[in-house]
Structure formats: structure tokens, C-alpha cells
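Here's the structure, in C-alpha cells; my notes come after.
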Amino acid sequence: MSAIVEIVNLGKYYRRGEQIVPVLNDINLSIREGEFIGLMGPSGSGKSTLLNLIAGIDRPDSGSLRVGGIDIAGLSESELADWRAEHVGFIFQFYNLMPVLTALENVELPLLLTDLTRRQRREHAELVLDLVGLHDRSGHFPHQLSGGQQQRVAIARALVTDPTLIVADEPTGDLDRKSAEEVLELLERLNQEIGKTIIMVTHDQRAAAKAHQIRHLDKGVLSEDQPFLPDV
Amino acid sequence: MFFIKLILRNLLRQKLRTGLTILGIMVAVIAFCLLTTVVNSWYAGVDAAVAKRLVTRNAISLAFSMPLSYLNRIRQVDGVQAVTYANWFGGIYINEKNFFPQFAVDAESYFDITTYYRLSAEQKKAFLLDRQGAVAGRKLAEQYGWKIGDVIPLRGTIYPGNWSFVLRGIYHGAEKSTDESTFFFHWQNLNETLKKRNDSRIDQIGVFVMDINHAERAAEISHHIDATFKNSLAETLTETEKAFQLSFVAMVEAIVVAIQVVSFVVIVIIMAVMANTMAMNVREREREYATMRALGFGGGYIGALILGESVILSLSAGVLGVWATLPLVDLIGEKLVSFFPIFLLSQATVLKAFAAALVVGVVAAVFPLASVLRHRVGDGLRSMG
């Protein structure tokens, strides 16, 4: 399969007063379409920064970053926003659902940026909510759902626009073991059955076990490719 | 619809905060409307002034009078169509608290010129036939429970002694904004009493009021009248009715300016209350707005959400404030009719209150919005909310 994400010599720095703090150094990474990749590493290693760069919510300071053949670093803010809306599905550690919207409305939210009619939006949202097994919770607000259910709503929201890739930042980080397992199974199904490309940042070995390959980041440096080797 | 729904639900998230903010703005809007209405009530006479009407008084001050003999000479001035006259009486009804304006007027001509005072033909005839008769405004009569035929005693201050009048008519204002709290009686009654007392103020007039044929000739006619009495014992000052009324407002100008400043301060207070509420709302939702931006919503959409919420909040409070002001204005107008004969919430004041609420809503949204857009999406996503 062709590479959907191509990162060459990518660097990212932050300024702290006069000081320049390197976060990512000379990153080279290629992710093929339909791949499920896990990014692991200690806190502050730059995992989330790399994920944000791939998802187009931050910009690299050096190197090249192409997603789906597009040099996203060269896009303007509004072009980048449009690109994200069309190509990226986000899953966050703390779900990041709108508390004033029901599960169905949360899933419908990204579709407001499309040309779909209200009825079409509803139909799409219901379909995806059904896919994650929460059709009967469509009228519930986030506070009326368990953590696992909220994360499944967030997954439905990430899926509803049929994005090119799904980025998940610690998707099981706030869940109990059972809910985490359900969420990981769902992500695995999305990858295997629908062929979605998933990039997941995680600390969780069980979560990493679902990935096709694991990449480790340490102090902003990415390790060589390695298949997942479970702890014994 | 989704957009409006999101704004309204966000508004109702912190019900207590939203409620208290609305209450705060309501109180400020009420204060703004009442203060503006107080200022307007001072200008009511100016607003009601007729363009084709002139007022002649003694050039030294209103406290000095003019001889009645001026009447015919004013009548002869080219352009003058009708003349009447009046004297300020300044009597006390029962006690000093019961203040209301009283004028001794030429009964024959006064109500022909001051057509904004509507008096029925029957009552006017009764007034003309009774030298002891008087006419009171509707609000004044209602305030003291006077009925036609009642005897009204006044204790004179400028013209000492006990005076009594028989109420022969109750006038209504032609407009809602016409003063209905003035008391009129026969100038001849006053003059005859002064004659009996051998008072030095016999045949003296406070002001002449005249209608002219063209408003554009006001300056020319005024000049002509004043020139007629140049170098006499009582030189005159003639001005338009509007200028005459403005001279009264000028006496309390400092108070008017102070009230206007307070009105402005009230708006600034509303702005601070609103800005604080919006800043808190937006700060709490930093991660939500960052999430929306990550999903692809642009700054315009987020801006419209914040601005919409702020404007809906401030305008709702503005509408409720104006609505709550209406009965208060009626109550104050009724209770303080002696001080504010015309105390009406004008359309202009209502529009000003809404405009202020709108401006407050927009300004209160600007800084939180700028703060949201200034933050990077990644930082917003990390915020704890």
C-alpha cells in the first residue's frame, strides 16, 4: 500500500524566553494507508507534538510533512482547518465532547462543515453511532454516559466524516480496564474491517498490542521501526 | 438551528451565573433608562415648544415684571398674530411639600394660544364667567382628588395672603408628553386684589406669550419687539419658546451633566459585568473551542458562537430591563408629578438602552474571543477547562 504519511527530517522547537527547546529532532517516518501505528515513549518525549503535527493542528519548524500527498505545512490556517475537517478524525484522552450536546449531536457536529442537509447529517450520525453500539444512547448527554461510552461517542465523531486517518491521543488513558478493552477492540475493528489508518499515542501496553507497529520516541528522537513485542 | 441551539444551551450551562448577569444588566438598564428619563423630563418643555411662538420677559430677569401697557404695542408689531400673558404666582397648597406651578393668566386669550392644553368649551365658558375660577391639569386634579366646583385654597408667597379659587375646568394635554400638572387662574383676579391692597405691582406682567406668522421671522420679530422697549424702564428680552425653556434647563445644567455622566458610568458597569461573565464562560470552555478548531471549525465560527452568546445575553437583559422600567416610570411619574410633570419613557431612550446593550454584548465578547483565537489549538486541547 502507498504511504499516507511521509515525514522527512522533521524538527519542532519551542521558545522559552531566549532559549530554544528542541522537542522533535530529525524525525523520519512513513505510515502506509490502512496501518495501525502506536507511538510510545515517556512523558515529554514529543509523542503528542508529533501527533499534532501529523493531524495539522501544529506546524513543523523544519523538514517536510506530507499527508495524503499534501504538504500540510504549506497550508494557510483556514486551508489547514478545512483539510483537518475533511481528512482527520480526532480521538482524545478526555473525549472532549461538547457537554451541552447529546451523543447524536456530538457526532453530528463535524458534519456541520459539510454540504449535507440536516436530515442527511442526522442519518449519517445515527449510522455511525449504531456502528459503535450506542444507538440507544443517542439522546443522552455526555454526563449521562460512562467513560467508555463517551469515548465511543468520540470515536463515532472521529469516524462520521469518513476521514483519511484517525489520530488518537491516549484513547484509553482515562478508562477502566473493561472500557479500555472495548475501545481498543473498536479501534481494531475500524482498522481491520473498514481499513482506517490509525495513529495512536499511548502509554498502555495493552493498547499498543493492537497496533501493527510501535515507534518509540525519547527526547524527541524516534526509534527504528519495530513490530510489537508484548511484555512477558 | 444547530448553531443557535449550541449558543442557547451554552447560555443555560451556568444558570446561576447567567441569571445573576441578566439581573445585574437589568438593574443597570433600569438605572440608565430612569436617569435618561429624568434628563428628558427637564427637556420636556423644550421639546414641546412651538416654533412659531415667542416669549417676552423683562431683560434683567424673570423676577422683574413689565407693564401691561406693552400688550397693545406688542400686538402692533408686524408678524405678531396673537398675544397673551401670565404671571408666576408661587402659592402654597396646604404645605410646602405640595408644590405645583401656578400662573395667573389672561383667561380670554391664554387657552386660545396654548392649544396643547385641551379644555372643553363648557368648562372654558364656566372659567371665563367666574373671576374666582381656576383650571387645573388632569394629573394635578387626580393627585389631590379635586373635582369641578371644589374650592382650592392657596397661601401666597410672592403675593401674600390667603387666596381661594373655584375649580371650573380640568384640562387634558394634546399629547402624551404635554404637562398636565399646572394650575391657572384669572390674572384679573390677581390684579384686582392687588389694586384693593394698593400694591405696587398693579398692572404688571411676568411674561408675554405670542404667536407669529412665520417661524423664520422669529429673530426679526424678537428684535423688533425688544427695540420697541429700548431705553424704557422695563427693557425686554424676546426669544423663542424653545430658547426660553432652555434657559430654565441651563439653571440646572450641572445636575443634568452629572446625571448624564452617571448614565455613562452605568453603561461602563454593565460592560464590566458582561465582560467578566463572558471571560469566565470562555475560559471554562477553552478546551471545547480548541476541540472545535481541531475538528476544522474556523475562527469565524467560534467567534460567532462567543459573540452570539454575549449579544443574546446582553440583549435579553436589555429587553427585560426596559420591560421592568415601564411600570417604574409610571409609578415615579405618578408619585413625583410635582417634580417631573412629564415623566415618560421615550422611544429614543428605549432605543438607546437596546443600543447600549448591543454595544456591551459586542465589546464583552471581543477580549475573550481574541484570547481563544490567540491560543494555539494544541495548548487549548491540553487545558483542563
Side-chain angles (χ1 to χ4, degrees), chain A residues 12 14 23 48-53 55-59 76-102 104-114 116-118 121-122 125 141-143 154 157-158 160-161 163 167 169-170, chain B residues 1-19 277-278 280-306 308-310 312-313 369-385:
Chain A
K12 179 72 186 173
Y14 287 126
V23 183
S48 294
T49 304
L50 180 58
L51 197 71
N52 286 348
L53 289 170
I57 55 178
D58 208 348
R59 290 170 186 278
S76 69
E77 277 303 319
S78 66
E79 285 170 340
L80 205 53
D82 292 343
W83 177 83
R84 285 197 303 267
E86 195 180 339
H87 295 284
V88 187
F90 290 88
I91 301 168
F92 304 98
Q93 180 180 358
F94 299 107
Y95 335 123
N96 290 20
L97 299 176
M98 300 294 132
V100 291
L101 298 180
T102 63
L104 185 68
E105 288 163 346
N106 264 293
V107 177
E108 193 186 340
L109 188 66
L111 296 177
L112 292 178
L113 298 170
T114 65
L116 296 178
T117 62
R118 185 168 175 262
R121 288 200 312 260
R122 280 280 148 133
F141 287 93
H143 70 272
R157 182 180 65 186
V160 76
T161 53
V167 294
D169 193 355
E170 307 257 14
Chain B
M1 277 308 291
F2 199 100
F3 179 74
I4 301 289
K5 186 162 62 183
L6 193 52
I7 289 179
L8 293 179
R9 287 197 192 158
N10 271 335
L11 260 175
L12 297 173
R13 268 165 94 159
Q14 298 283 351
K15 291 187 182 69
L16 182 64
R17 183 190 299 160
T18 303
T277 298
M278 286 311 297
M280 284 198 285
N281 285 350
V282 169
R283 201 179 308 124
E284 285 169 3
R285 296 178 208 149
E286 207 171 312
R287 194 162 70 183
E288 290 166 35
Y289 292 130
T291 303
M292 289 187 75
R293 287 172 73 194
L295 294 178
F297 289 91
Y301 198 96
I302 307 291
L305 271 181
I306 296 173
E309 183 177 341
S310 184
I312 288 176
L313 180 61
L369 173 60
S371 160
V372 165
L373 298 182
R374 200 172 48 240
H375 277 90
R376 295 184 319 152
V377 178
D379 293 339
L381 289 173
R382 275 190 288 275
S383 123
M384 290 311 290

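Atoms considered below: every heavy atom in the structure, side chains included; atoms not considered: hydrogens, waters and symmetry mates. The chains referred to below are lettered A, B, ... by the order of the sequence lines, with proteins before strands, and numbering in each begins at 1. Remember, it's a predicted structure, so these values are computed and weren't measured experimentally.
- Only the side chain of A:D58 comes within contact range of chain B, with at least one heavy atom under 4.5 Å from a heavy atom of that chain.
- Separating the CG atom in B:L373 from the CD atom in A:E77 is a distance of 10.5 Å, to the nearest 0.5 Å.
- Looking at A:L101, both its backbone and its side chain come within 4.5 Å of chain B, counting heavy atoms on both sides.
- Neither the backbone nor the side chain of A:Y95 comes within less than 4.5 Å of any heavy atom in chain B.
- Within the model, atoms CD1 of A:I57 and CZ of B:R293 stand 10.0 Å from one another, a figure rounded to the nearest 0.5 Å.
- If you tally non-hydrogen atom pairs under 4.5 Å between each of A:S48, A:G56, A:P163, A:P99 and chain B, the highest count goes to A:P99.
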Please report the C-alpha distance between B:E288 and A:V100 in whole Å, then the side-chain angles of each, then the deciding distance to 0.1 Å, and finally whether the side chain to side chain contact (heavy atoms under 4.5 Å, CB included) criterion is met. CA-CA 11 Å; B:E288 290 166 35; A:V100 291; 5.7 Å; no
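- Rounded to the nearest 0.5 angstrom, A:M98 CE and B:N10 CG are separated by 9.0 Å.
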Mind running side chain to side chain contact (heavy atoms under 4.5 Å, CB included) on A:N52 and B:R376 for me, showing each step along the way? CA-CA 11 Å; A:N52 286 348; B:R376 295 184 319 152; over 6 Å; no
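- Both the backbone and the side chain of A:E105 come within contact range of chain B, each with at least one heavy atom under 4.5 Å from a heavy atom of that chain.
- Atoms OH and CG, from B:Y301 and A:L113 in turn, are 7.5 Å apart once rounded to the nearest 0.5 Å.
- In this structure, the portions of A:L109 lying under 4.5 Å from any heavy atom of chain B include both its backbone and its side chain.
- The residue among A:A81, A:P110, A:A55 with the most heavy atom pairs within less than 4.5 Å of chain B is A:A81.
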